Chemist: 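Right, I'll just put the structure down here and ask away after.
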Amino acid sequence: MTDSVASRLLAWYDQHGRHDLPWHFNRNAYRVWVSEIMLQQTQVTTVIPYFNAFMERFPDVHSLASAPVDDVLGHWSGLGYYARARNLQKAAITVVDDFEGEFPQCQEQLESLTGIGRSTAAAIVAQAFGKRATILDGNVKRVLARYHAVSGWPGQTAVLKKLWEHAETHTPEERIRDYTQAIMDLGAMVCTRSRPDCEHCPLSSDCQAYARGETKLYPGSKPRKEKPEKSTWMIILEDSEGRVLLERRPPSGIWGGLWSLPELDSALGADELQEACESTLGLTCSEPELISGFRHTFSHYHLHIQPARFGITQTTVVADDDQRQWFHRDEALSLGLPAPIRTLLTEPEQAALL
DNA sequence: GACCCGTGGCT
DNA sequence: TAGCCAAGGGT
């Protein structure tokens, strides 16, 4: 008779687990919550510097709730999935206004906060409050799919249901914080997607996939799908003082709520750009300089970004409204900018002139 | 249930 | 290298 999964995981965790991640210090519900949101679909090494900077600027739920949204998005810039940042602040305001600044401790109330679903709520209950809750993230899915040889892609409802049931069964009553961290660490450090280190795994003695020599088959892979190609002009417009024109994107859709370079219809030819630029943005500008374009890959499509640079030949009279504003480059870089736009503004685009 | 939402690391 | 995937959630 072998030890339970939980006891083996805990023993392994004591020796080999990660005990010093930034959100393990000064542990409270706010820090755990922010870390869990940042860690959605995002790897630990990517999150760490963002988490530290975010905590420096927004040390508690009140500072986050009262901050300008551009400041919040600015600290999220480059992290992706920007709805997370907008939802984070909405939830912070809810916690301040409706919960007197204290996070609810039950899973159901946590899930009522926007941006917190089943997985994240369970993680907060376990990590912040040390109360029993079952988590099922990408790491746990992989560990359990292999241990129980659960076939099929975890995106399928039936497969996901089985995994949740297994996860529930293994969740212990004691040491919940350590257990949830342990099973995630095992997935991240030992039971990795490719080349799992089964020789050093505390679960290999009765792992079904390992017994069959089929760890590679689990979890099942997602069905493939063709990504459509899209394309767009991105306009780099610079006035005589070296300021750049940016526009705020609509709240939903790609890069929602972020500042970006103005876009023009991809159907326009290069010879039509100047006129389109003048009529769309309401100004007089020089001939465009085309900069080498590049392809940016999203989850669901590829976007060919074709930058064109214009100089302003006449003093600008573009409305300084909420949607479009001139920024010095250092100002612009403190805003919420999509990663490719940040790159375009940072790297001297002259170097890439066609 | 299907689709949308980003970016960087890994192979 | 192009595709896969990562501490998911909202619509």
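Computed from a predicted structure; not experimentally measured. Proteins get letters first, then strands, A, B, ... in listed order; numbering begins at 1 in each.
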Chemist: Are the charged groups of A/Glu111 and A/Arg118 less than 4.0 angstrom apart, N to O?
Modeler: no
Chemist: With a 4.0 Å cut-off on heavy atoms, is A/Ile135 in touch with a base, just the backbone sugar-phosphate, or nothing at all?
Modeler: nothing
Chemist: Which is true for A/Gly187 with a 4.0 Å heavy-atom rule: it touches a base, it touches only sugar-phosphate, or it touches nothing?
Modeler: nothing
Chemist: Ignoring the backbone of A/Gln41, work out which of C/dG3, C/dG9, B/dG6 is nearest its side chain.
Modeler: B/dG6
Chemist: Using whole Å, report how far CH2 of A/Trp76 lies from C1' of B/dG8.
Modeler: 16 Å
Chemist: Step by step, work out the ring pair (Phe, Tyr, Trp, His ring centres under 6.0 Å) result for A/His296 and A/Phe298.
Modeler: CA-CA 7 Å; A/His296 192 78; A/Phe298 293 113; 4.9 Å; yes
Chemist: NA contact type, A/Ser299, heavy-atom cut-off 4.0 Å: base, sugar-phosphate, or nothing?
Modeler: base
Chemist: Which part of the nucleic acid, if any, lies within reach of A/Pro219 when heavy atoms closer than 4.0 Å are counted: base, sugar-phosphate only, or nothing?
Modeler: nothing
Chemist: Would you classify A/Phe51 as touching base, sugar-phosphate or nothing, given that sugar-phosphate means primed atoms plus P, OP1 and OP2, and contacts are heavy atoms under 4.0 Å?
Modeler: nothing
Chemist: More 5' along DNA chain C: A/Leu113 or A/Ala188, using each one's nearest nucleotide?
Modeler: A/Ala188
Chemist: Which of the following nucleotides, C/dA7, B/dC5, C/dG9, is nearest to the side chain of A/Arg18?
Modeler: C/dA7
Chemist: For A/Leu39 and C/dG9, give me the distance from atom CG to atom C1', rounded to whole Å.
Modeler: 15 Å
Chemist: Calculate the interatomic distance between A/His300 atom NE2 and B/dG6 atom P; express it in whole Å.
Modeler: 10 Å
Chemist: Taking OH from A/Tyr82 and P from C/dG8, how many angstroms apart are they, rounded to a whole number?
Modeler: 18 Å
Chemist: For A/Arg86, report the nucleic acid contact type (base, sugar-phosphate, nothing); a contact means any heavy atom under 4.0 Å.
Modeler: nothing
Chemist: If I take atom CD in residue A/Gln40 and atom C1' in nucleotide C/dA6, what distance separates them, rounded to the nearest angstrom?
Modeler: 11 Å
Chemist: Considering every strand and a 4.0 Å limit on heavy-atom distances, what is the contact class for A/Trp23: base, sugar-phosphate, or nothing?
Modeler: base
Chemist: Kindly indicate whether the side chain of A/Tyr218, heavy atoms from C-beta on, has any atom under 4.5 Å from the side chain of A/Ser151.
Modeler: yes
Chemist: Looking at the side chain of A/Ala339, which of C/dG8, B/dC3, B/dT7 is the nearest nucleotide?
Modeler: B/dT7
Chemist: Would you mind classifying the nucleic acid contact of A/Lys227 as base, sugar-phosphate or nothing, using non-hydrogen atoms under 4.0 angstrom?
Modeler: nothing
Chemist: Counting only heavy atoms not in A/Glu263, do more than 12 fall under 6.0 Å of its CD?
Modeler: yes
Chemist: For a quick check of understanding: with a heavy-atom distance under 4.0 Å over all strands, which category does A/Ser35 fall into, base, sugar-phosphate or nothing?
Modeler: nothing
Chemist: So if I take every side-chain heavy atom of A/Arg224 and compare against C/dC4, B/dT7, C/dA6, which nucleotide ends up nearest?
Modeler: C/dC4
Chemist: Under 4.0 Å between any heavy atoms, over every strand shown, what does A/Thr114 touch: base, sugar-phosphate, or nothing? Just pick one.
Modeler: sugar-phosphate
Chemist: May I ask you to say what A/Leu21 touches in the nucleic acid, namely base, sugar-phosphate or nothing, with a heavy-atom cut-off under 4.0 Å?
Modeler: base
Chemist: Pick base, sugar-phosphate or nothing for A/Thr42, based on heavy-atom distances below 4.0 Å to the nucleic acid.
Modeler: base
Chemist: Looking at the side chain of A/Asp137, which of C/dG8, B/dG8, B/dG6 is the nearest nucleotide?
Modeler: C/dG8
Chemist: So, A/Asn139 versus A/Arg142: side-chain donor-acceptor pair below 3.5 Å or not?
Modeler: yes
Chemist: If we only count heavy atoms from C-beta on, is the A/Ile235 to A/Leu261 side-chain gap below 4.5 Å?
Modeler: no
Chemist: OP1 or OP2 of B/dG1 versus the side-chain N and O atoms of A/Thr157: is any pair under 4.0 Å?
Modeler: yes
Chemist: Map A/His24 and A/Gly115 onto DNA chain C by nearest heavy atom, then report which one ends up closer to the 5' terminus.
Modeler: A/His24
Chemist: Between A/Lys225 (NZ) and C/dC4 (C1'), how many Å, whole number?
Modeler: 16 Å
Chemist: Which is true for A/Val44 with a 4.0 Å heavy-atom rule: it touches a base, it touches only sugar-phosphate, or it touches nothing?
Modeler: base
Chemist: Among B/dG9, C/dG10, C/dA7, which nucleotide has an atom closest to any side-chain atom of A/Arg193?
Modeler: B/dG9
Chemist: Touch check for A/Ser221, heavy atoms < 4.0 angstrom, all strands: base, sugar-phosphate only, or nothing?
Modeler: sugar-phosphate
Chemist: Please verify the inter-ring angle class for A/His166 with A/His148; under 30° counts as parallel, over 60° as perpendicular, anything in between as tilted.
Modeler: parallel
